[in-house]
Engineer: 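Pasting a structure below so you can have a look.
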Amino acid sequence: MTHAPMTADTRIALRGDLLDFTADPGFAAPAQAQGVRFRRDHWLLVEGGRIAGVQAGEPGPDWERIDHRGHLLMPGFIDTHVHSPQLDVIASYGTELLEWLDTYTFPAERRHADPVVAAAGAERFLDALLAHGTTAAVVFPTVHKASAEALFAGAERRGMRVIAGKVLMDRHAPDGLRDDVRQAERDCVDLIQRWHGHGRLAYALTVRFAPTSTSAQMRMAAALLAAHPGTYMQTHVAENRDEVRWVAELFPEARSYLDVYHRHGLLNERSVLAHGVWLDDTDRALLRETGAQVAHSPSSNLFLGSGLFDWPGTEGQGAHVSVASDVGGGTSLSMIRTLADAYKVQALRGVRLTAWKGLYGATRGAARALHLDHEIGSLDAGRHADVAVWDWSSTPLMQHRVDLAHDLHEKLFAWMTLGDERLLQAAYVAGVPRYRRAPGPG
Ligand SMILES: [Zn+2]
């Protein structure tokens with residue numbers, strides 16, 4: 001696709017039904033939820049790639065008008081935990097976490113040592129994100145520097161907000177997937193200098209998980225995290241019970257799995273911890289104290305049989321929670337399908353997740369947890385115009401159900417439960433159309 005260059009004075013106006021959030025709806029019932037902002041048939045004004053405002057009336061002739069009437073316009077989704085090379089192993093049969101890593105994931109990631117494979121994988125992944133309405137993501141590539149390079153370069157070409165870093169693994173991983181502390185440090189410093197703060201990119205020190213990094217490597221990562229302002233830290237924590245037991249054997253001095261990261265200086269307000277299924281109250285208090293967030297990955301937790309995350313309990317103790325696909329443990333890049341799974345995980349815990357809370361967690365809530373709500377996650381003026389344009393239905397049956405809805409929440413809840421990426425009509429990144437669905441037959 002080619003695009004007209006977006007300049008500081010390029011003005012476009014998108015017409016449609018605008019949905020975003022001004023505050024966290026929490027776990028209130030649909031009718032009591034706060035912070036929901038729905039503006040039917042309004043114009044979203046975009047100037048120089050940023051949102052300039054919203055108005056009901058048609059803008060003047062100095063705006064290029066794009067008519068998405070009858071479609072739902074939302075901020076692009078933010079996926080706070082996803083693995084770019086794991087599109088190669090998504091939907092792999094029959095294992096839990098540790099066996100899944102050994103059987104499927106590590107062999108697939110090893111192939112990304114080849115820069116040609118890494119580059120093709122990064123392109124495929126980023127295009128797929130956009131085709132699922134996801135315009136920002138916190139991403140694990142592989143241990144290979146070239147895979148991080150390819151991901152950053154591809155994201156920069158697309159103007160996307162991507163947070164990523166070379167994976168750190170200096171033990172308990174097969175040949176071809178291990179680094180060492182000195183080489184890893186050199187690679188991280190190079191990548192930080194080249195990409196961190198460049199365009200819309202940020203670097204994340206990326207400890208795969210405690211079992212695959214030595215204490216020395218985690219201390220090195222913590223030192224870089226402290227030395228380079230604005231860098232993030234991403235890892236996994238307390239996903240699966242066998243994994244939790246293994247970490248307890250490896251780090252007998254730690255109070256808990258989460259405490260391993262705390263002891264190594266890796267927890268701060270820019271730490272993104274995937275899963276957090278098997279945390280306790282002391283851990284959740286530590287999340288609040290440090291400001292670290294949980295990237296809740298419901299599809300992955302169901303698929304790998306990992307467990308049921310306590311979302312309200314975690315937030316109830318003051319910690320931030322965002323929503324993530326965790327592909328390839330998760331089975332879809334679609335944040336809509338991810339939210340449908342999030343509802344089911346909470347249902348099994350006796351909790352009701354509204355469409356409001358779910359969609360907030362994949363937009364403004366995620367932006368807030370990442371300290372990026374000044375840039376993404378809402379349709380407020382001044383934000384980058386990362387916008388997804390959705391159909392209300394993708395099948396006759398879905399249309400039937402949506403048409404029967406009595407109110408907006410019922411309609412959005414059916415949309416979230418029955419929908420997927422087939423609903424996506426277009427995705428804009430900083431005001432530039434980066435995805436448009438090909439017209440169907442007839
Ligand atoms: Zn993961």
Side-chain angles (χ1 to χ4, degrees), residues 78-92 95-109 112 121 125 128-129 132 134 136-143 147-148 151 162-169 172-173 177 204-213 221 232-244 246-247 257-258 260-261 266 271-279 292-307 309 321-335 337-338 341-342 345 362 366 369-370:
I78 302 164
D79 186 344
T80 55
H81 178 74
V82 59
H83 299 255
S84 52
Q86 293 182 14
L87 288 179
D88 300 357
V89 295
I90 190 171
S92 292
T95 56
E96 290 195 1
L97 174 65
L98 300 176
E99 190 188 354
W100 177 81
L101 286 169
D102 287 337
T103 308
Y104 300 116
T105 306
F106 286 158
E109 292 193 8
H112 290 248
F125 170 76
L129 279 187
H132 287 72
T134 297
V138 185
V139 187
F140 276 59
T142 67
V143 72
S147 77
L151 188 65
V162 165
I163 299 168
K166 171 207 125 56
V167 174
L168 299 168
M169 277 203 284
H172 297 144
L177 279 184
L205 282 307
T206 303
V207 176
R208 178 171 215 120
F209 67 152
T212 47
S213 282
Y232 289 79
M233 193 287 289
Q234 61 176 340
T235 190
H236 299 83
V237 71
E239 174 177 358
N240 162 291
R241 278 175 288 195
D242 289 342
E243 172 212 20
V244 171
W246 191 21
V247 171
Y257 191 160
L258 184 68
V260 172
Y261 298 131
L266 287 167
S271 303
V272 183
L273 301 147
H275 306 298
V277 172
W278 303 101
L279 300 177
Q293 67 162 299
V294 172
H296 170 39
S297 307
S299 161
S300 173
N301 295 161
L302 293 171
F303 184 71
L304 295 177
S306 300
F309 173 64
V321 175
S322 56
V323 187
S325 71
D326 190 30
V327 161
T331 51
S332 174
L333 286 174
S334 166
M335 294 304 288
R337 285 184 61 182
T338 301
D341 283 340
V345 166
L370 292 167

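When a residue number appears, it is its place in the shown sequence, counting from 1. All figures in this text were calculated on a predicted structure; none of them were measured in a lab. Whatever order the structure lists them in is the order used to number ligands and atoms, beginning at 1.
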Engineer: Examine all N, O or S atoms of H81, backbone included, and report whether one is under 2.8 Å from the Zn ion (ligand 1).
Structural biologist: yes
Engineer: Is there a donor-acceptor contact under 3.5 Å from the side chain of Y261 to the main chain of A210?
Structural biologist: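 Such a contact is found between Y261 side chain and A210 backbone.
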Engineer: Is there a side-chain contact between N301 and N240, using heavy atoms and a 4.5 Å cut-off?
Structural biologist: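 No, their side chains stay 4.5 Å or more apart.
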Engineer: Looking at A295, is its backbone amide N or carbonyl O close enough to the side chain of S297 to form a donor-acceptor pair, meaning the two atoms are under 3.5 Å apart?
Structural biologist: yes
Engineer: Round to 10° and report the angle made at the Zn ion (ligand 1) by NE2 of H236 and NE2 of H83.
Structural biologist: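 It rounds to 100°.
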Engineer: Give me the one residue out of H236, Q234, E109 that meets side chain to side chain donor-acceptor pair (under 3.5 Å) with R208.
Structural biologist: E109
Engineer: Only N/O/S atoms count here: what is the atom of D326 closest to the Zn ion (ligand 1) called?
Structural biologist: OD1
